[in-house]
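Structure below; questions to follow.
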Number of protein chains: 2
Amino acid sequence: MSGAPSSWQVIQDQIRQRISRREWQPGEYIPHETDLAAEFGCARATMNRALRGLAEEGLLERRRKAGTRVALTPVRLARFHIPVIRDEIESKGASFQFSVLHRAIAVPPPDVLTRLQTGADQPQLHLQTLYTANGAPYVHEDRWINLDAVPAARDEAFASFSPNEWLVREAPFDGGDFTLSATAATAHDARVLGCAEGEGLFVLNRTTQAGGAVITSVRMVFHSGYAMHTAL
Amino acid sequence: MSGAPSSWQVIQDQIRQRISRREWQPGEYIPHETDLAAEFGCARATMNRALRGLAEEGLLERRRKAGTRVALTPVRLARFHIPVIRDEIESKGASFQFSVLHRAIAVPPPDVLTRLQTGADQPQLHLQTLYTANGAPYVHEDRWINLDAVPAARDEAFASFSPNEWLVREAPFDGGDFTLSATAATAHDARVLGCAEGEGLFVLNRTTQAGGAVITSVRMVFHSGYAMHTAL
DNA sequence: GAGTGGTCTAGACCACGTT
DNA sequence: ACGTGGTCTAGACCACTCT
């Protein structure tokens, strides 16, 4: 389907099998790169590529001088695609809309001040936006934009581009963090998202930075029933 | 702190800067590997390593014959460490305990049957386990184990090892999927987790496989206030 | 001090897709 | 048909850590 697997991928799969079949026990040292390369009849660089991948997945632990061992605790890491709202909605075949419910310039509350790393006397841009799919509420976004970092936002109406898309275009970020959590729908959440008060809602908090400066801090509350999914 | 950055990392950072500073616009084709390698005075393999990493991050799009371009939509992917409960709790300096609240062999409900890919006439092992940190409820686990795939589970008491840890030891997996969502605490949730009914709780559904066979399907409901966090 | 993985190079061939 | 990225090799030097 997707092309012939390359040599290092084949080798990687073989190694993976030896691990999952317990031919190499957890905690056990496996042969050195050089020996494995000889066994598989490939260059050491190729074997390195295969093993490096497994180490990045957390299946192997490698240390210079010590060697390579099978990880004791297979600490798997899951990859989640961070949603660009429009893409996520349109990829489901639904139509995308948004409306800015609230727009103001004000001093953020303390928790946002901390995240934005701005002063208590510096007003910033506050936006509340509802994104809908086929007209149904999809996610409610409560966003603060650091006007020192993105002064152009002050005069932006967010008519043709949603805050989300506008920022991606105008203020490319190079860092940040995510927090996923849950909350019970408040009366306000319920009204905006069109769900019952008290329902469990999925929440994503996100801060993005560029060159060390925090650009924006956003809290997104998703519609009831929303879930993030990934394969291992 | 963590060693001198290697050449390909330095190069990768330079490229990253050119992108985030808009020296190369989104959608724009950047020079070929060969040319960039010449410009940076490195081997093509080294440049390839740098660019490949950026492509995996979603910052670049590469196609044979076409070339390399800056991604239009920087579809970032976030990496989350999948919690091994004991490690997660102990890494916070808390003590780890667990207790199996319920243990039975029965035919799973329809949704679990689908996930386990077993028949409606095949009883499987059902476990409900509470994990605690310093005695406080941490996560409640509702797990079904496929006895065809893991027959040894039938006679396991899960006294010294939690279901979680026992499975990691006895039935190494090589695939699966995750779903993250939210729910409002039911009366049962509230009682088990010691929270108020109706609170928003974080839920992780997980299915793990080995060699194509589904080993276990589990739903974990975390204590109120739990969050998953990651940096970009 | 010595051994192992980490990285780099120059060159080659191949696979894919048509900026 | 041809150009570009993907992969592989053989050899070399280096960095880190000490099952």
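Letters A, B, ... mirror the listed sequences (proteins, then strands); counts begin at 1.
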Between T46(A) and G67(A), which is nearer to the 5' end of DNA chain D once each is assigned its nearest nucleotide?
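Closest to the 5' end, via its nearest nucleotide, is T46(A).
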Return the nearest nucleotide to the side chain of K65(B); candidates are dT18(C), dC18(D), dT7(D).
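Selected nucleotide (nearest to the side chain): dT18(C).
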Contact class for T68(A) vs. all strands (heavy atom < 4.0 Å): base, sugar-phosphate, or nothing?
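Here T68(A) touches the backbone only, sparing every base.
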Starting the side chain at C-beta, find the nucleotide from dG5(C), dC18(D), dC8(D) nearest to H32(A).
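When the side chain of H32(A) is considered, dG5(C) is the closest of dG5(C), dC18(D), dC8(D).
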Please determine whether a side-chain nitrogen or oxygen atom of T34(B) lies at a distance below 4.0 Å from atom OP1 or OP2 of dT4(D).
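No, outside the criterion.
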Taking atom CZ as the centre, does R154(B) end up with more than 12 heavy-atom neighbours from other residues, nucleotides or ligands that are less than 6.0 angstrom away?
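Counting neighbours around CZ of R154(B), 12 or fewer heavy atoms of other residues, nucleotides or ligands fall under 6.0 Å, so no.
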Please classify the nucleic acid contact of R44(B) as base, sugar-phosphate, or nothing, using heavy-atom distances under 4.0 Å.
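Base contact.
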Can you measure E61(B) atom CD to dG6(D) atom P for me and round it to whole angstrom units?
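Between P of dG6(D) and CD of E61(B): 13 Å.
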Tell me whether the side-chain N/O atoms of S6(B) come closer than 4.0 Å to OP1 or OP2 in dT7(C).
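Yes, because at least one side-chain N or O of S6(B) sits under 4.0 Å from OP1 or OP2 of dT7(C).
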L36(A) CG to dT4(C) C1', straight-line distance once rounded to whole Å:
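Atom CG in L36(A) sits about 13 Å away from atom C1' in dT4(C).
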One pair to check against side-chain contact (heavy atoms from CB on, under 4.5 Å): I30(B) and R18(B). What are the steps and the verdict?
CA-CA 10 Å; I30(B) 75 174; R18(B) 293 194 187 180; over 6 Å; no
Donor-acceptor side-chain pairing of S99(A) and Q97(A) below 3.5 angstrom
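There is no such pair between these side chains.
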Return the nearest nucleotide to the side chain of R64(B); candidates are dC16(C), dT7(D), dC18(D).
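The answer is dC16(C), which lies nearest to the side chain.
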Would V218(B) and I145(B) count as a side-chain contact (heavy atoms from CB on, under 4.5 Å) here? Give the steps.
CA-CA 8 Å; V218(B) 60; I145(B) 297 177; over 6 Å; no
Over 60° means perpendicular and under 30° means parallel, so tell me whether Y138(B) and H223(B) are parallel, tilted or perpendicular.
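Tilted.
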With nearest nucleotides of DNA chain C determined for Y29(B) and G41(B) from heavy-atom distances, which residue corresponds to the more 5′ nucleotide?
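Mapping each residue to its closest nucleotide by heavy atoms, the 5'-most match is G41(B).
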Within this structure, what is the CE-to-P distance between M47(B) and dG5(D), rounded to whole angstrom?
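The distance from CE of M47(B) to P of dG5(D) comes to 11 Å, rounded to the nearest Å.
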Q12(A) versus R16(A), side-chain donor and acceptor atoms under 3.5 Å
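Side-chain D/A pair, R16(A) to Q12(A): present.
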Taking the minimum atom-to-atom distance to the side chain of R63(A), which one of dC18(D), dT9(D), dT18(C) wins?
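Per side-chain heavy atoms of R63(A), the pick is dC18(D).
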Roughly how many Å is it from CH2 in W8(B) to C1' in dT9(C), rounded to a whole number?
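These atoms are roughly 17 Å apart.
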In whole Å, I'd like the distance from the CG atom of D35(A) to the P atom of dG3(C).
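That distance rounds to 14 Å.
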When all nucleic acid strands are considered with a 4.0 Å heavy-atom cut-off, which category describes A66(A): base, sugar-phosphate, or nothing?
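Sugar-phosphate only.
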At under 4.0 Å, does any side-chain N or O of S7(A) touch on OP1 or OP2 of dC8(D)?
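Checking dC8(D) against S7(A), a side-chain N or O does come within under 4.0 Å of OP1 or OP2.
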To the nearest angstrom, how far is E33(B) atom CD from dT7(D) atom P?
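Rounded to whole Å, this separation is 10 Å.
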How many Å lie between CZ on R52(B) and C1' on dC8(D), as a whole number?
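Between C1' of dC8(D) and CZ of R52(B): 12 Å.
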Expressed as a whole number of angstroms, how long is the span from L60(A):CG to dT4(C):C1'?
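About 15 Å, once rounded to whole Å.
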Does a nitrogen or oxygen in the side chain of R62(B) sit under 4.0 Å from OP1 or OP2 of dG6(D)?
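Answer is yes, contact under 4.0 Å.
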Of the candidate nucleotides dT9(C), dT9(D), dG5(C), which contains the atom at the shortest distance from the side chain of N48(A)?
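Nearest to the side chain of N48(A) among the choices is dG5(C).
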